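Okay, so here's the structure we're looking at.
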Protein chains: 2
Amino acid sequence: MTTATARRTPADKHDERRRALADSALRTLGELGYARASLREIANNSEFSHGVVHYYFHDKLELIVYCVRQYKATCVHRYDGVVADATTAEGLVEAFADKLAETIVDEAPMHRLWYDLRSQSMFEESLREAVLQIDQTLEDMVWRVVSTYAALAARPVGMTPHVTYGLLDGLFQQALLGYLCEREGVLDDLRDQVRELMPVLLAPAPSSSRRAKSER
Amino acid sequence: MTTATARRTPADKHDERRRALADSALRTLGELGYARASLREIANNSEFSHGVVHYYFHDKLELIVYCVRQYKATCVHRYDGVVADATTAEGLVEAFADKLAETIVDEAPMHRLWYDLRSQSMFEESLREAVLQIDQTLEDMVWRVVSTYAALAARPVGMTPHVTYGLLDGLFQQALLGYLCEREGVLDDLRDQVRELMPVLLAPAPSSSRRAKSER
DNA sequence: CCCGCGCCTTGACGACTGTCAAGACTTCTC
DNA sequence: GAGAAGTCTTGACAGTCGTCAAGGCGCGGG
């Protein structure tokens, strides 16, 4: 209020703290899951004490939802590079498959948390709004990839965005579980599965098989 | 031990009680989810008191795993009729799609519990063995349907059982969440999606398009 | 009749939970 | 440098949790 060009308004600092707290919380949540991550445990893994949570958040649930929304924001553009750098359909599939496998390795805790919360939202109505919003964002993200792929292949996508996301999410979830069980080869399998699946997502080739080679 | 042909051995009665308890527990678990279903709540919704759980089960976890295994046993043959009664590929798809939608309506609590437990198993290693076993059983179940469909269509399945299950499970899970959010039309959508998906699960038609009509 | 054994209830335990109030510490203002 | 506002810690609260021991009830065999 004093100086208009202050480095940080109090409100900024407040928001910054919320972000830092949410960051710590996300680490703990990814480790323990929604049900077992207590506020004390979350605070212990941060630089704060357990009481501070109610200074920045009204509720445990408000913290959780804030956390997941924050993660969504960082996660939602993970595949933008795949789309931007793609020049051929085959190259995009390859990059997409690699990125999916990389995501499983790098972000396994975050994604099991996401599946945990989505399951919880089937029981707790208070989680549904945030979950559905994030689910929609993920669907949009997948759709950007697949529709770009279709454009490069010069064929329309044969399925709705919703179905496309559902199918890929099913495979991804399966691979994540396999990865957490330390099954051998799940990542390679996932890559193969995506390479296999992407073509069948497209509408059947327009002219049966004649110009298949001369396409580009 | 006294009479060889006794109506019920004590062991039988013991098992019967375990089953009855697990039945009650399943109802409560389907209502509240894994994390919020306490032993007291489970016992309250049964004809027993809360202490009896430790007479029949060593642990809460043993009870839960027993419950889910028991449910699996009843659930695993739900689609057998679809397979047995099918005479044409189209008819099988129709019956399968209907049965999936019916399952969502009739067994929504059980299936959200299943997804809850599968998510929990990503955090709790002690749940993994049972979850993986059940997942495999479901995969087999789906495979019986799809491979029968392929046989009726006189074309091989184009994907592995694992992928087939993953894709269908993705759609089913999506539909279940939508159903629990009381979205309109999710059941019809699911049916349409399955009708659309099943043909693309098969390998590409062997001879491009010539005998498509004379097939049967 | 009474003893003993299986079945079940009751009550209590320690641990853990979310929440919040009281106060200490820091930071900024006048 | 005193005071006020903001920030954070500490400790306690009311509940709930899984677990288990102590004991009551019913029933069949001595």
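Treat the numbers as computed from the prediction; the structure is a model and nothing was measured. Residue numbers begin at 1 in each chain, while the letters A, B, ... track the order of the sequences.
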**OP:** For Gln133(B), look at atom CD and say whether over 12 heavy atoms of other residues, nucleotides or ligands are found less than 6.0 Å away.
**Re:** yes
Subject >> Atom-to-atom span, OH of Tyr56(B) to C1' of dC20(D) - whole angstrom >> reply: 17 Å
Subject >> Cationic N near anionic O, under 4.0 Å, Glu124(A) to Arg36(B) >> reply: yes
Original post:
Stepwise, does the side-chain hydrogen bond (donor to acceptor under 3.5 Å, both in side chains) test hold for Tyr165(A) with Asp135(A)?
Top reply: CA-CA 9 Å; Tyr165(A) 170 57; Asp135(A) 224 20; 2.5 Å; yes
**OP:** Return no unless some side-chain N or O of Tyr55(A) is found under 4.0 Å from OP1 or OP2 of dT7(D).
**Re:** yes
Original post:
CZ of Phe57(B) versus P of dC8(C): gap in Å, rounded?
Top reply: 12 Å
Subject >> N-O pairing of Asp80(B) and Arg144(B) below 4.0 Å >> reply: yes
**OP:** Not counting sequence neighbours, which residues clear side-chain contact (heavy atoms from CB on, under 4.5 Å) with Phe48(A)? List them please.
**Re:** Arg17(A), Leu21(A), Ser46(A), Val52(A)
Original post:
Does atom CZ of Arg183(B) have more than 12 heavy-atom neighbours from other groups under 6.0 Å away?
Top reply: no
Original post:
For every nucleotide of nucleotides 10-19 of chain C, 5' to 3': is a protein heavy atom under 4.0 Å from its base (B), only from its sugar-phosphate (S), or from neither (-)?
Top reply: BBB----SBB
Subject >> Whole angstrom value for the distance that separates C1' of dC8(D) from CD of Glu47(A) >> reply: 11 Å
**OP:** Please work out whether the ring planes of Phe96(A) and Tyr79(A) are parallel, tilted or perpendicular, with thresholds of 30° and 60°.
**Re:** perpendicular
Subject >> Sub-4.0 Å heavy-atom contacts from residues 17-27 of chain A onto DNA chain D, ordered by number >> reply: Arg17(A)
**OP:** Run the salt-bridge test on Arg112(A) and Glu31(A) with the 4.0 Å N-O cut-off and return the result as yes or no.
**Re:** yes
